[in-house]
Q: 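One structure is given below, represented as structure tokens, and several questions about it will come after.
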Protein chains: 2
Amino acid sequence: MPESARRAGGVPDATVGRLPLYLRALTSLHDRGVTSISSGELASLAGVRSTQLRKDLSHLGTYGVRGVGYEVELLAAQIAQELGLTQEWPVVIVGMGNLGRALASYGGFSDRGFRIVALVDDDPDVVGTDVEGLIVTTLDELEDSGPTVAIGVVATPSPAAQQVAERLVGMGVRSILNFAPGYLSLPEGVDVRGVDLGTELQILAFHEQRRLLAPSTHDPLRGDAEKEAMG
Amino acid sequence: MPESARRAGGVPDATVGRLPLYLRALTSLHDRGVTSISSGELASLAGVRSTQLRKDLSHLGTYGVRGVGYEVELLAAQIAQELGLTQEWPVVIVGMGNLGRALASYGGFSDRGFRIVALVDDDPDVVGTDVEGLIVTTLDELEDSGPTVAIGVVATPSPAAQQVAERLVGMGVRSILNFAPGYLSLPEGVDVRGVDLGTELQILAFHEQRRLLAPSTHDPLRGDAEKEAMG
DNA sequence: AACTGTGAAACTTTTCACAGCG
DNA sequence: CGCTGTGAAAAGTTTCACAGTT
């Protein structure tokens, strides 16, 4: 499909990737009682340039007031709406190792938009135990008689990840967040995002090495901070 | 070949972000005894298109054999070299909660290019205990008399992250991997990468919602799988 | 014949410059 | 005036088409 259709809303991917950043900053401002903010300040809090923030927001509609700025609560609601956080998405975490437990106890879930509805492991010693108020179950049981799940989080060892993901897809899951290193080959239409510690470290190592090899060249590196001074 | 084929600054960021993917696939192939592979097959294993793989590799130089493919070991060595993994980078993990422990026990570290040289927490009950063969220490002690550190991993609660990062930078760390939600404001030249579960889930939620709202439009979604069929 | 390497084209994302509104 | 919203330019990235090599 070579044609880049104007989907409803037409929000570019790069923008979608930054909306959670803005929302986080806005939530924090709201908690501190701030009711209004300019693009420059909000951009600063999110670590982007103000023009980029404004361009991003322009894709959602026009919610600012010229000469003034944005109303924190309104903008937050608008972004939450765009991201689909007005409803609660049921999440399952598969793999109750160190990482799975860390994810299960991560506050950001219940916080907004997500609810963990099942925890899964295949170790008989772990199945049936209580983790963060939920009883760990098996994939078999989840397939047979578990709750509906929209998003699957894979926190198993790498070798199991592909198979686990396939079973999740079999259950109707079409959004997967994969913490196991390695590529998941899944049917088209399934959305996979991978988070891998090794990958992130290697990217840092690349820049680190670059700095050591060419210390003279003062080079604007990717991912560096402070684009715009804060007010 | 033009003289610019491998100038020091010549590797695009997008390419750098994919090199770890290729390296992982190559390492796995090597472990299975495969000695040679074509761009199409390797691309398939990494989840990218073959032209993209070849373009990416072309930035490192020309290590393939026309009509044949790539020698697995040579290409892996070349990518490792480019990423700076021929030396070992000393890493500190700050924050020994669930996540910090998960990271400390993640195999991928010692595996290649990274060595955890210190684990840090501020809870007196945790300081002094043994985690994965290392004694947990404090930031104070690390500043005073700790080993040199190149990369800092921040796995503290959000409110502490900014201050921890500043202290790491004060110790000379210029590469930080931040698992705490929120933007870190640090001096220019410091390279920060953030990994946030909430952000990733929200991006998935966006696509999930889009699917529900426009189920008719079969839409090439970001992050979907299967670009090229495998042999 | 099979597969790599690469210029050029197509597309995406960021930045600039400034019009427009409160 | 101060700040948003946005077309247009610039920069970056992906894909195409095919020349080149073994």
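Chain naming here is simple, since letters A, B, ... match the order of the sequence lines and numbering starts at 1 in each. Everything quoted here is computed from the prediction, not taken from an experiment.
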Q: In whole Å, what is the span from the CG atom of A/Leu42 to the P atom of D/dT4?
A: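 Taking CG of A/Leu42 and P of D/dT4, I get 10 Å after rounding.
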Q: Under 3.5 Å, is there a donor on one side chain and an acceptor on the other for A/Ser28 and A/Arg32?
A: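 Result is yes, a qualifying pair exists.
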Q: To the nearest Å, how far apart are A/Leu57 CG and D/dG5 P?
A: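 For the pair A/Leu57 CG and D/dG5 P, the rounded distance is 7 Å.
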Q: Please check the phosphate of C/dA2 (OP1 and OP2 only) for any side-chain N or O of B/Tyr70 closer than 4.0 Å.
A: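 It does not, given that no N or O in the side chain of B/Tyr70 lies less than 4.0 Å from OP1 or OP2 of C/dA2.
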Q: For C/dA2, does OP1 or OP2 lie under 4.0 Å from any side-chain N or O of B/Arg66?
A: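 No, outside the criterion.
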Q: What is the distance, to the nearest angstrom, from the CZ atom on B/Arg49 to the P atom on C/dA10?
A: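 Rounded to the whole Å, the gap is 17 Å.
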Q: In whole angstrom, give the distance that lies between atom CG of B/Asp13 and atom C1' of D/dT14.
A: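 Interatomic distance, CG of B/Asp13 to C1' of D/dT14: 15 Å.
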Q: Report the residue (A/Thr15 or A/Arg54) whose heavy-atom-nearest nucleotide on DNA chain C is the more 5′ of the two.
A: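 By nearest-heavy-atom nucleotide position, the 5'-most residue is A/Thr15.
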Q: Are any of A/Thr62's side-chain N or O atoms less than 4.0 Å away from OP1 or OP2 of D/dG5?
A: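 Answer yes for this pair, as a side-chain N or O of A/Thr62 is under 4.0 Å from OP1 or OP2.
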Q: What integer distance in Å separates A/Lys55:NZ from C/dC18:P?
A: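 The answer, rounded to whole Å, is 15 Å.
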Q: Do other residues, nucleotides or ligands put more than 12 heavy atoms under 6.0 Å from A/Gln87 CD?
A: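 Correct, the count exceeds 12.
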Q: Send over the distance from A/Gln52 CD to D/dC3 P, rounded to a whole Å.
A: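 Whole-Å distance recorded here is 20 Å.
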Q: Between A/Asp56 and A/Val68, which residue's closest nucleotide on DNA chain C lies nearer the 5′ terminus?
A: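 Its nearest nucleotide being more 5', the pick is A/Asp56.
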Q: Quiz question: by atom type and distance under 3.5 Å, do the side chains of A/Arg211 and B/Ser175 form a donor-acceptor pair?
A: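 There is such a pair (donor and acceptor under 3.5 Å, judged by atom type) between the side chains of A/Arg211 and B/Ser175.
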Q: A/Ile37 has an atom CD1; how far is it from atom P of D/dC3, in whole Å?
A: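 One finds 12 Å between P of D/dC3 and CD1 of A/Ile37, rounded.
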Q: Is the number of heavy atoms from other residues, nucleotides or ligands within 6.0 Å of CD (A/Glu166) greater than 12?
A: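 Yes, enclosed.
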Q: Are more than 12 heavy atoms, taken from residues, nucleotides or ligands other than A/Glu73, located less than 6.0 Å from that residue's CD atom?
A: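 Check fails, neighbour count at 12 or below.
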Q: Between A/Leu53 (CG) and C/dC16 (C1'), how many Å, whole number?
A: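 These atoms are roughly 16 Å apart.
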Q: Examine C/dT15: is either OP1 or OP2 under 4.0 Å from a nitrogen or oxygen in the side chain of A/Thr51? Give yes or no.
A: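 Result: no.
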